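In what follows, a structure is listed as structure tokens, so that the remarks can point back to it.
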Amino acid sequence: MSKKVSNSAKREEIEQEFGCTYLYPNLYTPESIIDGTEESTISVITSENPDFISFAIWGMLPDQYEDEWRDFQNALDTLNATKEMVESSPVFGPAFLNRRCLIIVTGYFVYHLKNGVLYPYYVRSKSLKPFCLAGIYNTLEDGFITCSLLNTKVSGVIEKIQNIEDMMPIPIDFSFYADWLNPSSSLETINRILDVPNQIPLTAHPIAKEFFKNGITYDGMLQPVYYKDIPKV
């Protein structure tokens, strides 16, 4: 399950790519690494406001929740959810049916374990453009949006790398945006979108292991660093 993503694109690039503008453009800052465990905000396009890009706290909270975000995350990690989880969960289910979103990223991270050593990989689109991952969200009474990434079984390039778990985020192709965001879309339509494998051509490369050190970021952090005897894709 993903706990870190990247959105290093400039605001103008994102707005041009998705044909909509930020509601609060001055709040956007490119970030090489967004750590979901730190109550971070990410860029989203929501069912309720599909013509604009909003900000959401990563880690969905239930409707009418009033306590601290971290308290709920300690009880239930909602950075990610699978289709199987949302279909039976009172926390995720209503959002899956009625409040879907597109989570804008330039990449995310997966891991390869070999000979007792863990290697981080950066996954991005082959086009080098920002792209969207499937998400669900709730809007709290104070107006804050909170969201979760949807995950599915690994396939494609990720299956060649990730060997410590078997789940990955779900990229959504532009052709499915309208149906995904439409609250009236049938469950059959939504499941069909989620079941289309490898909608966006992705590639991945290993990066420096400073990635694992909290608080360390630098120019070039996402550049390839190749190690002996681990997969190249």
Side-chain angles (χ1 to χ4, degrees), residues 1-2 5 7 14-23 36 42-63 76-108 123-127 129-140 145-159 165-202:
M1 300 283 191
S2 294
V5 298
N7 190 359
I14 294 171
E15 293 179 333
Q16 181 177 3
E17 181 66 20
F18 301 109
C20 48
T21 58
Y22 275 88
L23 273 173
I42 48 181
S43 298
V44 299
I45 303 172
T46 67
S47 295
E48 293 172 284
N49 212 351
D51 296 325
F52 293 92
I53 302 171
S54 304
F55 292 104
I57 298 171
W58 186 9
M60 198 173 75
L61 299 176
D63 285 341
L76 177 65
D77 183 344
T78 61
L79 297 180
N80 301 272
T82 66
K83 189 171 71 170
E84 291 73 22
M85 290 167 61
V86 300
E87 288 176 346
S88 60
S89 167
V91 175
F92 296 115
F96 181 62
L97 293 175
N98 302 298
R99 293 180 297 277
R100 294 177 295 277
C101 63
L102 297 164
I103 297 173
I104 298 171
V105 300
T106 50
Y108 62 92
V123 181
R124 58 173 175 80
S125 72
K126 286 187 175 180
S127 69
K129 295 180 179 181
F131 60 100
C132 289
L133 301 173
I136 55 177
Y137 73 98
N138 280 329
T139 302
L140 304 181
I145 301 169
T146 64
C147 69
S148 299
L149 275 175
L150 292 182
N151 283 245
T152 191
K153 292 288 186 180
V154 293
S155 62
V157 66
I158 310 305
E159 192 172 14
E165 62 171 328
D166 62 352
M167 304 302 292
M168 69 177 191
I170 305 171
I172 300 290
D173 184 74
F174 176 81
S175 62
F176 296 126
Y177 285 2
D179 283 339
W180 179 254
L181 294 176
N182 185 354
S184 299
S185 290
S186 67
L187 185 58
E188 179 184 4
T189 296
I190 296 309
N191 284 329
R192 187 165 61 244
I193 293 172
L194 296 178
D195 289 340
V196 176
N198 306 311
Q199 296 180 27
I200 297 173
L202 299 175

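Computed from a predicted model, the values in this text were never measured in an experiment. Position 1 is the first residue of the sequence, and the numbers go up from there.
- Side-chain contact between I42 and F55 is absent, with no heavy atoms from C-beta onward closer than 4.5 Å.
- We find the CG-CZ distance between L181 and R99 to be 14.0 Å, quoted to the nearest 0.5 Å.
- Judged as a salt bridge (charged side-chain N to carboxylate O under 4.0 Å, His left out), and not counting sequence neighbours, the contacts of D77 are K3.
- Between Y177 and F174 there is a side-chain heavy-atom pair separated by less than 4.5 Å.
- At a threshold of 4.5 Å between non-hydrogen side-chain atoms, the residues T146 and Y137 do not count as touching.
- The backbone N or O of S175 sits nowhere less than 3.5 Å from a side-chain atom of Q199 that would complete a donor-acceptor pair.
- Contact of the I103 side chain with the V5 side chain is not registered, since no non-hydrogen atoms from C-beta on lie closer than 4.5 Å.
- For the side-chain contact (heavy atoms from CB on, under 4.5 Å) with K83, the lone residue among N151, D195, T152, L150 that qualifies is D195.
- Legend: residues meeting side chain to side chain donor-acceptor pair (under 3.5 Å) with S89, ordered by chain and number and at least two apart, are absent.
- Using a 4.5 Å heavy-atom threshold, the side chains of N98 and S47 count as separate.
- Summarising the geometry of S125 relative to I200, their closest heavy-atom pair is CB-CG2, 4.2 Å, with the distance given to 0.1 Å.
- The nearest pair of heavy atoms linking E17 to K129 is OE1-CD, 3.3 Å.
- In this structure, I136 CD1 and L97 CG are separated by 9.5 Å, a value rounded to the nearest 0.5 Å.
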Item checked: Test side chain to side chain contact (heavy atoms under 4.5 Å, CB included) applied to M168 and S155, step by step -> CA-CA 8 Å; M168 69 177 191; S155 62; 3.3 Å; yes
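- When side chains are defined from C-beta on, Y108 does not count as touching L149, because their heavy atoms never get closer than 4.5 Å.
- Between C20 and D51 the shortest heavy-atom distance is CB-O, 3.0 Å.
- For E15 against T21, the heavy-atom pair with the smallest separation is OE2-CA, 3.4 Å.
- N138 is not listed as a side-chain neighbour of L61, based on a closest heavy-atom distance of 4.5 Å or more.
- L194 CG to F176 CZ: the interatomic distance, rounded to the nearest 0.5 Å, is 10.0 Å.
- Note that the OG atom of S186 and the CG atom of D179 stand 8.5 Å from one another [nearest 0.5 Å].
- Here the CG-CZ distance, from N80 to F92, works out to 8.5 Å after rounding to the nearest 0.5 Å.
- Counting heavy atoms from C-beta on, the side chains of R100 and S185 come closer than 4.5 Å.
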Note to self: One pair to check against side chain to side chain contact (heavy atoms under 4.5 Å, CB included): F18 and C132. What are the steps and the verdict?
What the structure shows: CA-CA 9 Å; F18 301 109; C132 289; 3.4 Å; yes
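- The heavy-atom pair separating P169 from S2 by the smallest distance is CG-OG, 3.2 Å.
- A donor-acceptor contact shorter than 3.5 Å links the side chain of S148 to the backbone of T78.
- Taking CZ from F131 and CD1 from I104, the interatomic distance works out to 11.5 Å, rounded to the nearest 0.5 Å.
- Applying the 6.0 Å contact sphere to CD of E188 captures no more than 12 heavy atoms from other residues, nucleotides or ligands.
- Atom CD of Q16 is surrounded by 12 or fewer heavy atoms from other residues, nucleotides or ligands within 6.0 Å.
- In terms of heavy-atom proximity, T106 sits nearest to N7 at OG1-CA, 3.3 Å.
- Considering only residues two or more places apart in sequence or on other chains, R124 meets the salt bridge (charged side-chain N to carboxylate O under 4.0 Å, His left out) condition with none of them.
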